[in-house]
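Data first, discussion second: the structure below is written as structure tokens.
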Amino acid sequence: NSFNTQNREIVAGVVAPRAAVTHQLAAGITVNSNFPGNQLVFNNRGMLNPPTGTVTIQHTNGLSRQIVVSIVGSSRIQ
């Protein structure tokens with residue numbers, strides 16, 4: 001399994017996406033979220049859009065963790 005990250009850069013007032021980077025996960029680990037399109041999107045002020053969501057990281061052995069992300073970009077691990 002893998003997940004992608006992508007940054008955006010503002011040049012002369014124009015937003016330009018940078019190349020996406022793929023990160024490989026260890027065998028048996030999956031990542032799921034309840035964000036639209038499984039994408040966490042932050043605005044230029046660092047605020048989350050949509051306002052809140054959860055990312056779940058799970059191993060095939062049954063262990064899992066949830067990362068809850070709030071509108072202001074802070075997160076907590078449960």
Side-chain angles (χ1 to χ4, degrees):
N1 288 328
S2 63
F3 66 96
N4 296 325
T5 58
Q6 184 176 33
N7 295 326
R8 295 182 182 160
E9 159 179 58
I10 299 175
V11 179
V14 177
V15 177
R18 293 184 180 166
V21 177
T22 300
H23 306 273
Q24 293 296 323
L25 298 171
I29 295 179
T30 58
V31 177
N32 296 299
S33 79
N34 63 355
F35 291 99
N38 283 324
Q39 295 182 19
L40 267 69
V41 178
F42 295 90
N43 67 18
N44 60 349
R45 295 181 8 201
M47 296 184 145
L48 189 62
N49 185 17
T52 189
T54 303
V55 176
T56 303
I57 302 171
Q58 188 162 5
H59 192 275
T60 53
N61 65 9
L63 295 176
S64 68
R65 292 288 183 262
Q66 290 185 325
I67 304 167
V68 180
V69 185
S70 75
I71 189 171
V72 293
S74 63
S75 60
R76 73 178 186 279
I77 299 173
Q78 302 183 140

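Please read these numbers as outputs of a predicted model, since none were measured by experiment. Values below: all heavy atoms of this structure, side chains included; hydrogens, waters and symmetry mates excluded.
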Considering all heavy atoms, the nearest L48-G53 contact: CD2-N, 4.3 Å
Please find the pair of heavy atoms, one from V31 and one from I57, that lie closest to each other, and give the distance. CG2-CG1, 4.2 Å
Nearest 0.5 Å, please: how far is CD in Q66 from OG in S75? 13.0 Å
We want to know whether R76 and Q78 form a side-chain donor-acceptor pair, criterion being a heavy-atom distance below 3.5 angstrom. yes
Check step by step if side-chain contact (heavy atoms from CB on, under 4.5 Å) holds for N32 and Q58. CA-CA 8 Å; N32 296 299; Q58 188 162 5; 5.5 Å; no
When hydrophobic residues are tied together by side-chain contacts of less than 4.5 Å, even through go-betweens, does I77 share a cluster with I29? yes
Same apolar cluster (I L V M F W Y, side chains within < 4.5 Å links), I71/L40: no
Quick check: do P36 and P50 have side-chain heavy atoms less than 4.5 Å from each other? yes
Any heavy-atom pair between the side chains of H23 and L25 that's under 4.5 Å? no
Keeping the roles fixed (side chain from N4, backbone from A20), state whether a donor-acceptor pair exists under 3.5 Å. no
Check for a donor-acceptor pair, side chain of T5 on one end and backbone N or O of T22 on the other, with a separation under 3.5 Å. no
Where Q6 and P17 come nearest, the two heavy atoms and their spacing: NE2-CB, 3.5 Å
Side-chain heavy atoms under 4.5 angstrom apart, residues restricted to Ile, Leu, Val, Met, Phe, Trp, Tyr: same cluster for V72 and V68? no
Does some side-chain heavy atom of V55 sit less than 4.5 Å from a side-chain heavy atom of F35? yes
